[in-house]
**Student:** 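Structure in structure tokens, see below.
Here is how names work: the chains are called A, B, and so on, in the same order as the sequence lines, proteins then strands, and each is numbered from 1. Keep in mind that the numbers below use all heavy atoms, side chains included, and drop hydrogens, waters and symmetry copies.
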Amino acid sequence: MVVTRFAPSPTGYLHIGGARTALFNWLWSRKKKGKFILRIEDTDLKRNTPTAMQQVISDLRWLGIDWDEGPDVGGPNGPYLQSQRKDIYEKYVRKLIDEKKAYYCFDTPEELDAMRQKATAEKSNIVYQRPEKFPDESEVAKAKAEGKSVTVRFVMPAEEIVVKDVIRGEVRFNGAELGDLIILKSDGFPTYNFAVVVDDALMGVTCIMRGQEHLMNTPAQQELWKALGFGDLPQYVHMSVTISQTGGKLSKRERPAALRNVIKKMQDIDFNKLAEAGSITIEQLNSFLDGKTTPDMPNIDAMAKYLGVALPEINVVDFFRSGYLPETMMNFLALLGWSPGDGREIMTAGQLIESFDISRLIKANSLFDRSKLLAFNTEHMRMVPKDKLIVYFREYLKAAESPVIKADDKTLGRLLELCAGARTLADVEKKSRFIFIDSEKIEFDEKAVKKVLLDGDSLLILKGVRDGLACVEPFDEKSVEQMLMTLAQKRNVGLGKIAQPLRVALCGSTISISIFEAVCMLGRENALARLDNTLKKFSR
RNA sequence: GCCCCCAUCGUCUAGUGGCCCAGGACGCCGGGUUCUCAACCCGGCAACAGGGGUUCGACUCCCCUUGGGGGUACCA
């Protein structure tokens with residue numbers, strides 16, 4: 001049976017690279033009717049965020065990924081939080097020490113740092129010098145009593161280590177250059193490289209699919225696996241990584257970096273107000289602008305909101321907030337480094353599972369291209385069943401705190417219909433929100449007013465439109481359209497000359513849903529009042 | 001510095017020695033349709049990083065160069 005896993009460390013929201021790794025593991029387990037495990041790698045106490053695990057879980061669920069074993073659903077191989085498996089790791093560390101495959105060390109971080117610096121200065125490779133004789137238990141007890149830090153290192157065989165990778169074939173490493181890695185930290189927790197091996201083996205993982213940034217860790221993990229006597233090695237699959245448009249691995253750093261660039265390019269920023277908006281001090285802001293420190297994501301987001309700039313989406317939630325569908329994300333991510341081979345691109349989860357195969361994973365890194373993502377979303381907006389789309393839309397509106405949320409499901413459905421061909425849920429919201437806000441709160445786009453409202457005899461035309469709307473019967477989309485068409489014919493102008501001024505008069509901008517339908521949704525009274533308002537406001 | 005991985009249109013990719021003067025998709029450009037935006041329809045531009053081999057024949061195999069990415073932690 002194929003058993004795959006996704007093992008994030010809970011440091012924040014799930015970002016797009018992690019989501020892709022999770023997705024491939026999930027697809028493969030589903031395709032092979034095997035198991036998919038979610039494990040949380042939280043052995044670094046310093047880095048863990050208390051809410052991060054929940055964020056990762058909800059992001060995965062939003063994407064449509066489920067798991068057979070995990071911290072929230074349980075399973076026979078738990079616990080699924082590494083921080084709760086300390087005793088298990090200790091047992092295996094003990095085993096290695098007893099077999100002389102691992103040994104105690106008493107170096108302080110400062111000493112190790114000095115060794116590294118010396119090596120860098122000499123431009124030589126840093127390999128830990130294994131002692132002639134391994135410290136025994138009495139020495140350990142003594143060191144502990146003296147308050148020295150105690151770690152455990154694995155004895156790396158000084159020979160060629162060949163890793164068989166599904167994507168890359170045989171990759172050769174020199175064990176002597178790898179050196180003895182620490183497997184148990186002085187705080188008693190295992191290091192990543194050790195914990196992964198123990199957990200993957202104990203949880204029965206047969207296929208390890210992860211980013212190529214882990215390829216260098218693999219020879220050590222493989223040797224550890226063998227030294228621990230865990231039997232058949234798992235399949236290793238080191239996928240290409242997703243790189244960002246600015247170059248480099250797609251990472252959380254991109255959002256702060258983008259904000260920093262925006263701030264530097266902008267003129268007349270009140271830095272005090274900006275810091276206040278971001279809930280940070282002016283010193284912290286300056287330090288951030290100098291590239292020395294990075295505020296937390298909520299502070300970054302708050303500042304971006306204050307400046308009215310859109311930061312590049314990096315985390316799964318960013319895409320949700322920008323109005324993308326989970327179907328889109330899954331589909332698009334799956335096509336980064338993989339393709340079904342028959343030219344199909346737009347696919348449902350079912351189709352992805354059906355056609356997925358690790359043998360078709362490609363070696364080269366790929367760039368995350370937002371304009372193609374937008375095109376994918378446009379397709380999925382069309383494909384998702386209407387009732388499901390309404391649910392998504394409502395979730396989006398809620399998160400965006402949009403006034404459109406006041407609408408009932410029927411209206412939401414109608415709005416979605418009217419916006420057939422829209423690229424994102426955000427577009428639908430933008431085109432319809434004017435219907436749900438008070439007339440006094442309509443914001444007029446300066447350009448639109450100048451170009452459409454104050455152009456020619458638009459205001460005069462609007463007076464005619466007003467009279468027409470006042471008496472058109474019945475007050476429905478058809479009749480309104482008919483009335484406006486007749487008006488256009490009478491004045492011998494195109495419909496655009498009538499509809500555009502009306503649009504700007506009612507919604508303040510040149511972009512909205514069908515204006516005939518919008519008029520009806522507003523209702524006669526409302527529409528007339530808003531029209532009067534506008535007329536009064538812009539008539540000289 | 002050292003180690004590892006990678007290299008087809010701007011981007012995602014198809015391509016496993018002849019089917020390829022390289023196919024699809026997004027984007028872009030031109031045109032059409034339209035009450036706006038989007039969508040839609042028609043047409044167009046656009047790539048095998050460079051240099052050596054191997055072979056009757058290389059996008060496909062080998063080597064070098066260049067370029068890109070990753071790693072080099074008591075992070076994961």
**Student:** Any side-chain N or O of A:Ser366 below 4.0 angstrom from OP1/OP2 of B:U13?
**Tutor:** yes

**Student:** For the residue pair A:Arg360 and A:Gly341, what are the closest heavy atoms and their distance?
**Tutor:** NH2-CA, 3.0 Å

**Student:** Applying a 4.0 Å non-hydrogen cut-off, can you work out what A:Ala420 is touching in the nucleic acid: base, sugar-phosphate, or nothing?
**Tutor:** base

**Student:** Taking only side-chain N and O atoms of A:Arg382, does any of them lie within less than 4.0 angstrom of OP1 or OP2 on B:C40?
**Tutor:** yes

**Student:** Is A:Ser339 touching bases, backbone alone, or none of the nucleic acid, heavy atoms closer than 4.0 Å?
**Tutor:** sugar-phosphate

**Student:** Indicate, yes or no, whether a donor-acceptor pair under 3.5 Å links the base of B:A76 to the side chain of A:Asn217.
**Tutor:** yes

**Student:** OH of A:Tyr324 versus P of B:A38: gap in Å, rounded?
**Tutor:** 15 Å

**Student:** Base, sugar-phosphate or nothing for A:Leu336? Non-hydrogen atoms, less than 4.0 Å.
**Tutor:** sugar-phosphate

**Student:** If B:G10 has a Watson-Crick or G-U wobble mate with both distances under 3.5 Å, name it; if not, just say none.
**Tutor:** B:C26

**Student:** Under 4.0 Å between a Lys/Arg side-chain N and an Asp/Glu carboxylate O for A:Lys478 and A:Glu481?
**Tutor:** no

**Student:** Find the partner of B:U60: check Watson-Crick (N1-N3 plus N6-O4 or O6-N4) and G-U wobble (N1-O2, O6-N3) distances, both under 3.5 Å, and reply none if neither fits.
**Tutor:** none

**Student:** What nucleic acid atoms does A:Ile362 come within less than 4.0 Å of, heavy atoms only: base, sugar-phosphate, or nothing?
**Tutor:** sugar-phosphate

**Student:** For the residue pair A:Phe434 and A:Ala518, what are the closest heavy atoms and their distance?
**Tutor:** CZ-CB, 3.6 Å

**Student:** What is the distance, to the nearest angstrom, from the CG atom on A:Leu367 to the C1' atom on B:G67?
**Tutor:** 15 Å

**Student:** Looking at every strand, decide which applies to A:Thr43 at a 4.0 Å heavy-atom threshold: base, sugar-phosphate, or nothing.
**Tutor:** sugar-phosphate

**Student:** Side chains of A:Arg85 and A:Gln82: any donor to acceptor distance under 3.5 Å?
**Tutor:** no

**Student:** How would you label the contact of A:Gly211 with the nucleic acid (heavy atoms, under 4.0 Å): base, sugar-phosphate, or nothing?
**Tutor:** nothing

**Student:** What class does the angle between the rings of A:Tyr236 and A:His238 fall in, given that below 30° is parallel, 30 to 60° is tilted and above 60° is perpendicular?
**Tutor:** parallel

**Student:** Take atom CD of A:Glu517 and atom P of B:C37, then tell me their distance rounded to the nearest Å.
**Tutor:** 19 Å

**Student:** Is there any protein nitrogen or oxygen under 3.5 Å from a nitrogen or oxygen in nucleotides 31-35 of chain B, and what are the pairs?
**Tutor:**
residue: B:C35; atom: O2'; partner: A:Arg503; partner atom: NH2; Å: 3.4
residue: B:C35; atom: O2; partner: A:Arg503; partner atom: NH2; Å: 2.3
residue: B:C35; atom: N4; partner: A:Ser514; partner atom: OG; Å: 3.0

**Student:** Measure from the side-chain heavy atoms of A:Arg360 and tell me the nearest of B:C74, B:A76, B:G15.
**Tutor:** B:G15

**Student:** Indicate whether OP1 or OP2 belonging to B:C26 is found under 4.0 Å from a side-chain N or O atom of A:Arg423.
**Tutor:** no

**Student:** Under the 3.5 Å rule, do the base of B:C5 and the side chain of A:Lys363 count as making a donor-acceptor pair?
**Tutor:** no

**Student:** Given that A:Lys46 and A:Leu178 both sit by RNA chain B, which one's nearest nucleotide is further toward the 5' end?
**Tutor:** A:Leu178

**Student:** Under 4.0 Å, heavy atoms only, any strand: does A:Arg47 hit a base, just the sugar-phosphate, or nothing?
**Tutor:** base

**Student:** Mind checking who B:C40 pairs with, Watson-Crick or G-U wobble, both distances under 3.5 Å?
**Tutor:** B:G32

**Student:** Examine the base of B:C74 for any acceptor or donor lying under 3.5 Å from a partner atom in the side chain of A:Ser186, and report the outcome as yes or no.
**Tutor:** yes

**Student:** By nearest atom, which of the nucleotides B:C12, B:C74, B:C4 is closest to the A:Leu215 side chain?
**Tutor:** B:C4

**Student:** Determine the contact category for A:Lys431: base if any of its heavy atoms lies under 4.0 Å from a base atom, sugar-phosphate if only primed atoms, P, OP1 or OP2 are that close, otherwise nothing.
**Tutor:** base

**Student:** If each of A:Asn365 and A:Ala375 is mapped to the nucleotide of RNA chain B with the nearest heavy atom, which maps nearer the 5' terminus, i.e. the 5' end?
**Tutor:** A:Ala375

**Student:** Does A:Lys148 have any salt bridge (charged side-chain N to carboxylate O under 4.0 Å, His left out) partners at least two apart in sequence or in another chain, and if so, which?
**Tutor:** A:Glu146

**Student:** Output all residues satisfying ring-ring contact (aromatic ring centres under 6.0 Å, His included) with A:His214, sequence neighbours left out; order by chain, then residue number.
**Tutor:** A:Tyr192

**Student:** Students often get this wrong, so: under 4.0 angstrom with heavy atoms, is A:Ser371 touching a base, only sugar-phosphate, or nothing?
**Tutor:** sugar-phosphate

**Student:** Once you apply a heavy-atom cut-off of 4.0 Å, does A:Glu345 come out as touching a base, just sugar-phosphate, or nothing?
**Tutor:** base

**Student:** Report the nucleotide, chosen from B:C4, B:G69, B:U36, that has the shortest atom-to-atom distance to any side-chain atom of A:Phe173.
**Tutor:** B:C4

**Student:** How is A:Arg39 classified with respect to the nucleic acid when contacts are heavy atoms under 4.0 Å: base, sugar-phosphate, or nothing?
**Tutor:** nothing

**Student:** Rounded to whole angstrom units, what separation is found between the CG atom of A:Leu425 and the P atom of B:C37?
**Tutor:** 21 Å

**Student:** With a cut-off of less than 4.0 Å, is there a side-chain N or O of A:Lys185 near OP1 or OP2 of B:C75?
**Tutor:** yes

**Student:** Hey, does the side chain of A:Thr191 come within less than 4.0 Å of B:C75's phosphate (OP1/OP2), counting only N and O?
**Tutor:** no

**Student:** Find the distance between CH2 (A:Trp338) and CZ (A:Phe356) and round it off to the nearest 0.5 Å.
**Tutor:** 7.0 Å

**Student:** Any base atoms under 4.0 Å from A:His214, or only sugar-phosphate, or nothing? Heavy atoms, all strands.
**Tutor:** base

**Student:** Counting only heavy atoms not in A:Lys144, do more than 12 fall under 6.0 Å of its NZ?
**Tutor:** no

**Student:** Quick one: is A:Arg116 getting a side-chain N or O under 4.0 Å of the B:C74 phosphate, OP1 or OP2?
**Tutor:** yes

**Student:** Check every strand shown and say whether A:Asp107 touches a base, only sugar-phosphate, or nothing at a heavy-atom separation below 4.0 Å.
**Tutor:** base

**Student:** Can you find a donor-acceptor pair, distance only, under 3.5 Å between A:Glu213 side chain and B:G69 base?
**Tutor:** no

**Student:** Over how many whole Å does the gap from A:Glu41 atom CD to B:A73 atom P extend?
**Tutor:** 19 Å

**Student:** Within the 4.0 Å heavy-atom criterion, would you say A:Asp427 contacts the bases, only the backbone, or no part of the nucleic acid?
**Tutor:** nothing

**Student:** Should B:C48 form a Watson-Crick or G-U wobble pair with both distances under 3.5 Å, which nucleotide is its partner?
**Tutor:** none

**Student:** Can you say whether the rings of A:Tyr128 and A:Tyr103 are parallel (under 30°), tilted (30 to 60°) or perpendicular (over 60°)?
**Tutor:** parallel

**Student:** Under 3.5 Å for both donor-acceptor distances, Watson-Crick or wobble: does B:U54 have a partner, and if so which one?
**Tutor:** none

